[in-house]
Number of protein chains: 2
Amino acid sequence: MFWQILIFTTGTISILFAFLLYRWVIKKECGNPKMRVFSQAIQEGAQTYLKQLYKSLSLLALAIALILYFTLGWETAIAYLFGSFFSALSGYLGMTIATKANARVAWAAKDGLKKAFPLSFFSGAVMGLSVVGFALLGMALVLYIFKVPSVVLGFSFGASSLALLAKAGGGIFTKTADIGADLVGKVEFGLDEDDPRNPAVIADNVGDNVGDVAGMGADIFDSYVASMVAVMILGFELYQTDWRFTLTPLILGAIGIIASLLGMIFVQMGKERDPGKALNFGTIATTIIFAFLSFFALKLLNINSFWGIFGPTMAGLLAGSILGFTSNYYTDIAGQAVQETANSAKSGTAILILNGFSYGLFSVVPSIIGICLAMMAAWFIAVHFGIAGTYGVSLAAVGMLSVTGMIVSADAYGPIVDNAKGCSEAGKESDKTIAVCDKLDAAGNTAKAITKGFAIGAAALTVLALFAAYIETVNLKSLDLTQPEVVVGLFLGAMMPPLFSALTILSVGKNAFLMVKEIRYQLEKKPGILTGKEKPNSNRCIEIATKGALKELVLPGICAFAAPLIIGFLLGPRALGGFLGGAIISGIVFALFMANSGGLWDNAKKYIEDGALGGKGSEAHKAAVIGDTVGDPFKDTAGPSINTLITVMSLSATVFGSLIVRYALWGR
Amino acid sequence: MFWQILIFTTGTISILFAFLLYRWVIKKECGNPKMRVFSQAIQEGAQTYLKQLYKSLSLLALAIALILYFTLGWETAIAYLFGSFFSALSGYLGMTIATKANARVAWAAKDGLKKAFPLSFFSGAVMGLSVVGFALLGMALVLYIFKVPSVVLGFSFGASSLALLAKAGGGIFTKTADIGADLVGKVEFGLDEDDPRNPAVIADNVGDNVGDVAGMGADIFDSYVASMVAVMILGFELYQTDWRFTLTPLILGAIGIIASLLGMIFVQMGKERDPGKALNFGTIATTIIFAFLSFFALKLLNINSFWGIFGPTMAGLLAGSILGFTSNYYTDIAGQAVQETANSAKSGTAILILNGFSYGLFSVVPSIIGICLAMMAAWFIAVHFGIAGTYGVSLAAVGMLSVTGMIVSADAYGPIVDNAKGCSEAGKESDKTIAVCDKLDAAGNTAKAITKGFAIGAAALTVLALFAAYIETVNLKSLDLTQPEVVVGLFLGAMMPPLFSALTILSVGKNAFLMVKEIRYQLEKKPGILTGKEKPNSNRCIEIATKGALKELVLPGICAFAAPLIIGFLLGPRALGGFLGGAIISGIVFALFMANSGGLWDNAKKYIEDGALGGKGSEAHKAAVIGDTVGDPFKDTAGPSINTLITVMSLSATVFGSLIVRYALWGR
C-alpha cells in the first residue's frame, strides 16, 4: 500500500511540476516583434504537422485497438488506447513548450547566460517530467485497474506504436526540410543557416522540434515503459506468489523521478558559466541520488534477495552512464575520428564519406562490448543471489532508464536553444546576444550526443528484456539455433532493420527532391524574396514536408507491424523468437553505426567551418557538406527509428504471443 | 573403389585440361610491340605483388601450421600447409594465364569476336579448371592418406586462411590503384581510363588481376572446399558405419567437374555473336548436365535414401542459379534501381549516395529470402526421406558449388577481357578492334555480377554447413538463445563483419591518399609525362599499392584469426556457437549490401556515361563518379572479403573445437 501511494504520488508530482514549469515559462516575455513572428510561424507549423500526424495516428490506433478488442479482449484494447494517448500527450506538451520557449530564451539571452540558461533548461524539463510522469502514472493506473501485467503490455504496445510513427515521421519531416533548405538555400543561393528569406527555414526549425522533441520524447517514453513492462511480466510469471517482483520496476521508476527532481537542483552553471557542465553535473547528481535512494528503498521493500535486485539495477545504471558519455567519443569534434574524417576531405568527397562510414562501423564495437558487459553482469549478479537471470537483465534496463526524467530534460533543451539561436538571428539581435545563444547551443549538441548513446543502449537492454518476456509468454523451453526455423527466423529478422532504413532514407530523398523543386521555384519566380521585398511561402514547404512524411510512413509502418505477425502465424513461435533475436542484433548494429556516422560527418563539417582546412567555402568544406547531408537521414531518420522498430516488433510478438501459440500454421 | 578412381581421375583430368589450355593460349601471338610492353608491365607488376604476398603468407602459414602441430598433431599441420599451397597454386596459375592472355586476346580481336571470344573464355577456364581440380584432388589425397575428415578440415582451414588474405589484400591493392588513378588522372588531369601516361594505370590493371582473378579464385576455392568438408564431417559423425555419406561430396564434386567440362562445349556464340549469351548458355548447360549425371551417379551409389541426398543437392543447385541470375536485378544498368539512383544525381551527390545505399540495403531482402528457402527446402526434404537435416543443408551448399568449374571460368574471363581492352588501347589498335574488345568486356561485367551473387549465396550455405559441423564437433546438444553466453556471443559475432569492413575500407582510404600524392608528384614534377616525352614511374605506384595492402592486412587478419579463439577459450563453446551465428547473420547482410550498393553506383555512372542526364562531364556525372568511388571498396574490398571472413572464423572454431571444449575457462 505504501508503495502504491509512493508510485501514484511521484507520478502526479512529476506532472504537476511540469505544469508549474510550463506556467512559469510562458509568463516570460517573448521577445521583439520579429522574433514573435518567427516563433509564431514555428509554433503554427509544428501544430499543423502534429495535428495531421495525430489525426492519422488516431485512426491507426483505433484500428489496432479494434483488432486487439476482437482477439485479446477489451482490457488490452483500452490499455492500448491509453498508452498511445499518454505518449501523444507528453509529446504534444513537450512540443508546445519547446516552440513557445524559443523566443523567450532568445529574449532572455539579452541579459546573459545566467538568465537564459535556467529558462531553457526548465523548458526542456517540462518534456522530461511529462514523459516520466505520464508513463509511470499510466502504467500504475492500468495495473491497478486490471491487476495483470499482460494488460499493461497493451499500454506499452500503444506507446510504442505511436513512438515508431512519431519518430520515423518526425525524422522524415525534419530531414526533408533540412536537406531542402541546405541544398538550395545554402549551396545554390548562398544564404546563411536560418536566413528568413529561405522558404524552407521555418519548416527546418519546425523539423527540429518534431524530430528531436516530440520524436525523441516518444522514443524514450516507449523504452521506459517497455523496460518496466518486461520486468513486470517476468516478475509476474516467475514469482507469482510475491507481488513485489511485479511492482519493483514501478518503485524504481518513482525513485528515479524523485532523483531527477532533486538532480535538477544541481543544474547550476556556477562560476565557470558553462551550460554543458551544468547539464552533465545535473545528470551525474541524478545518477548518484538514484543509487542512494534505491538502495534504501529496496532495503525497505525487503525482497528476499536484496543484492539480486539492487546489483543488476546498478549494473544498468552504470552501463547507461558509461555508454552515454562514451558515445561522445566517436562524434566529438575534438576527437581523432572527426578530425581524421575531416582531413580526408583532402583526398576528395568519396574518401570523406568512406572514412565517416568506417568510423561509424568502428563505433559499434565499444558500445556492443558495453551492452554485453552490462548484460552479463546483470545476469550473473542476479543468478548468484538467487534471482532469475532474465529478470536481472530486465532490471538492468530499468536501472538504465531510471534517470530518464533528467536525460530527456537535458535532451529537449537542445532543440529549444537551437531554435532560440534562430529567433535571435531573425530578431536581428546584437552579436553579444547571438553569442550567448551560440554557447547555449553548443551545450545542447553535447547533451544530444549523450542522449543518443543512452537511448540506443537503453533500447538494447529493453529489447533483450522484451525478448525474455516473449519467451516466457509463449512458454518456449528453449530457442535452439540448431533448429532450422530458428535460423530462418534469425535471418529474416536481421533483414528488417536494413529494409526499414532503406525505406525511410529513400523517403527522405524523394521528399527532399520535391522540396528542392519548390524552393527553386519560389526563389526563381519571385526574385523579390531574395531582396527582402516579398515574403517566401513557408507554409507550402511545411505542407510538403508534412504530407510527404505521412505518406511515406505507410510502407515502413506496415512492415513493422505485419512482419512479426506473418512470421509468427506462418512459421510459429520459435521462428518468431529467432526473428526477434535477428532483428535485435542487426538493429543495434545499424542503429549505432548510423547514429554515429551521421554525428561524425556533422561535426567534421563543423570542424571545417570553425576554420580548419580552409574553412567555409573551401573544397574540403564542400566535401564535408555532402558528407553531412548523407549523414542527416542516417542520424536523424533511420538510425533513431530502428530502436523503436525493434521495440514495436518485440511488443507485437509478445502481445499476440498467446494467439500465435494457439493458431500458428506450423511449428507450434 | 570405383568412386575413388572416379574422384582421382576427374581431379587429374581437370588439371590436365587446364594445363593443355594453358599451353594452347600461350602459343598464340601476343600482339604488337606497344601491347607487349603494356602486357609485360602488368605481368611483372602482378608477379611482384604475388611474390611479396606469398612470401608474407608462407611465413604466416608456417606459424599457424606450427600452432596446429603442437595442439592438434602433425596430420592437421601438414593438411593445413597442403591446403594453403594448393589454393595459392591455383591462384598463381590463374593469374599467370590471365596476365599473359590479355595481349593475345587483344591481338585476336583484330580478327573479330569469333577468334577472340574462345581464346578469352578458355584462358579463364584455366583458372576455373585449376580451382576445382586442385581442390578435389587435394581433399581426396588428404582423406585417402589420413582417413579422417577432421584432418581434411585442416586442408580447408589452410585454403581459407590464404583466401582471406589474398582476397582482402587483393581488394585493398586494386582499389588503392583504381581510386588513385581515377581521382588524379581522370578528375584532376582529365586523362581517359587506361591512358598510359597515368602512372597508376599499370597498377590499376594489375589490381584487376590480383583482386578479381587471384582473389575471387581463392574465395571460391575456399567455399568449395569448406562446403565439402562440412558434409564430410557431418557424414562421418552422423553415419559412421556408412562411408558413402563421407564420400558423397567428393563424388558430387567429380560429377561437377565432368559437367563443367561438357558444359564448356556449349559456350558457343552461334549466329547472334553475343558472348554474354554464350557464357550463360554454358552455365545453364553445365547445371542441367550436372543434374542428370548426379541423378544416375547417386542411383548407382545406392545410398539408403536416394531422394534424401539428391533432393537437397538439387535445392542448392537451383537456389544457386536463381541467386546468381537475380543478383543482376539490383545492379543491372537497364534496371529501375540503377536508373533511379542515376536520376537522383539531379538533387545532388548526397542524394545519389543515399539512394545507392538504400537500394543496396533493399537488395538484401530477396537474397536472404532465397537463402532461407533453399535452407528450409534442403532441411525438410532430407528429414522427410530419413536423412539428418543438417546433412541436407550442407549438401545444398555442395550442390550449389558443384558447377564451380564453369562459374569460375566465366568469372576469370572478366578481368582478361577488361585488360585486353586496355591492351588494345595501349597498342593503338583500330576502333573496330577496340569495339570488339568492348563487346567482350560488357559480357564480362554480367558474368561478374552473376558470380558475385553466386559466391555470396554459396558462402552463406557453406557457413551454415560449417556451423552445423562446429556444433557436431563440439558436441553441443543445443545452442539456446535463452542462455546469456549465447546471446553475448551473438552480439560479439555480429560486430565482426562491420569491424572488418571498417578496417579494410579505412586501409583503402589511407593507401589511396599515398597513391594520390605520388601521382600528383609525378605529373607535376615531370610535365613531360603528359606530353608523352617522359615515361611515368609505374613501378613506384605498384610498390605503394603492394606495400600498403600487405601492411594493412595485419590488423584485420589478427581480428579474423584471434577473435573466435578468444571467445571460445574465454567464454566457452556455446558462446563461440553464438558468435559464429552472429557473424554469419550480419556477415551475409553486409556482404550483400556492400556488393550490390557498389555495383549499383558503378552502373549508375556507366548509365550517365552512356549519355543519360547530360553524359560525361555533366554535374550528374561528377556526382556519379563520387558515388562510384564510394562504392569501389564496398564491392571490391570489404564486401567480398566478408564471405571469406565468416568461413575462416567458422573453420577456425571447428578446427580448434576439441581443444576449446577441453580447455575453455568457462562455460564448458
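Letters A, B, ... mirror the listed sequences (proteins, then strands); counts begin at 1.
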Report summary line: chain B shares the most heavy-atom pairs under 4.5 Å, among A:Leu354, A:Thr390, A:Val625, with A:Leu354
**Report entry** Contacting moiety of A:Leu490, where chain B heavy atoms sit under 4.5 Å
**Finding:** both
Report task. Could you tell me which portion of B:Thr482 (side chain, backbone, both or neither) has an atom closer than 4.5 angstrom to a non-hydrogen atom of chain A? Result -> both
Under 3.5 Å, which donor-acceptor pairs link side chains of residues 361-376 of chain B to any protein atom two or more places apart or in another chain?
unit_1	atom_1	unit_2	atom_2	d
B:Ser363	OG	B:Gly360	O	2.6
B:Ser363	OG	B:Asn596	ND2	2.8
B:Ser367	OG	B:Ser363	O	3.3

Report summary line: Ranking A:Leu506, A:Val516, A:Ile626 by heavy-atom pairs under 4.5 Å to chain B gives rank one to A:Leu506
Query - A:Lys477 versus chain B, the contacting section by heavy-atom distance below 4.5 Å - result: backbone
Query - Contact check, side chains of A:Leu238 and A:Glu472, non-hydrogen atoms, under 4.5 Å - result: yes
Report summary line: Contacts of B:Lys622 meeting salt bridge (Lys or Arg N to Asp or Glu O under 4.0 Å) (sequence neighbours excluded), chain-then-number -> B:Glu619
Query raised in the report: Measuring heavy-atom distances to chain A, does B:Ser478 have an atom under 4.5 Å in its side chain, in its backbone, in both, or in neither?
Result: both
Query raised in the report: Taking A:Tyr359 for the side chain and A:Glu340 for the main chain, is one N or O donor matched with an acceptor at less than 3.5 Å?
Result: no
Query - For chain B, the option from A:Leu464, A:Val486, A:Ile584, A:Val393 that forms the most heavy-atom pairs under 4.5 Å - result: A:Leu464
Query raised in the report: So what's closer than 4.5 Å to chain B heavy atoms on A:Ser586: side chain, backbone, both or neither?
Result: neither
Query raised in the report: Relative to chain B, which of A:Pro498, A:Gly509, A:Ala494, A:Pro484 shows the most heavy atom pairs under 4.5 Å?
Result: A:Pro484
**Report entry** Side-chain touch B:Val383/B:Trp379, heavy atoms, less than 4.5 angstrom
**Finding:** yes
Query raised in the report: If you count heavy-atom pairs under 4.5 Å with chain A, which of B:Val184, B:Ile179, B:Leu503 comes out on top?
Result: B:Leu503
Query - Region of A:Val488 in contact with chain B, defined by heavy-atom distances below 4.5 Å - result: both
Requested in this report: Check whether any side-chain heavy atom of A:Leu479 lies under 4.5 Å from a side-chain heavy atom of A:Phe467, and answer yes or no.
Outcome: yes
Side-chain donor-acceptor distances from residues 345-353 of chain B under 3.5 Å, at least two apart:
none

Requested in this report: Can you measure from CD1 (A:Ile567) to CE (A:Met496) and round to the nearest 0.5 angstrom?
Outcome: 8.0 Å
Query raised in the report: What part of B:Leu183 gets closer than 4.5 Å to chain A, counting heavy atoms only: side chain, backbone, both or neither?
Result: side chain
Report task. Evaluate the side-chain proximity of A:Leu571 to A:Phe579: yes if any heavy-atom separation is below 4.5 Å, no if none is. Result -> no
**Report entry** Main-chain N/O of A:Gly356 paired to A:Ser597 side chain as donor or acceptor, under 3.5 Å
**Finding:** yes
Report task. Answer with side chain, backbone, both or neither: which region of A:Leu476 has an atom nearer than 4.5 Å to a non-hydrogen atom of chain B? Result -> neither
Query raised in the report: In terms of ring plane angle, is the pair B:Phe357 and B:Phe593 parallel, tilted or perpendicular, where the classes change at 30° and 60°?
Result: perpendicular
Requested in this report: For residues B:Ile505 and B:Met594, determine if any side-chain heavy atom of one lies less than 4.5 Å from a side-chain heavy atom of the other.
Outcome: yes
Report task. Measure distances from A:Ile588 to the heavy atoms of chain B and classify the residue's part below 4.5 Å as side chain, backbone, both or neither. Result -> side chain
**Report entry** Close side-chain approach of B:Glu518 and B:Leu514, heavy atoms under 4.5 Å
**Finding:** no
Report task. Using a heavy-atom cutoff of under 4.5 Å, enumerate the residues of residues 628-638 of chain B that contact chain A, numbered in order, or state 'none'. Result -> B:Thr629, B:Val630, B:Pro633, B:Phe634
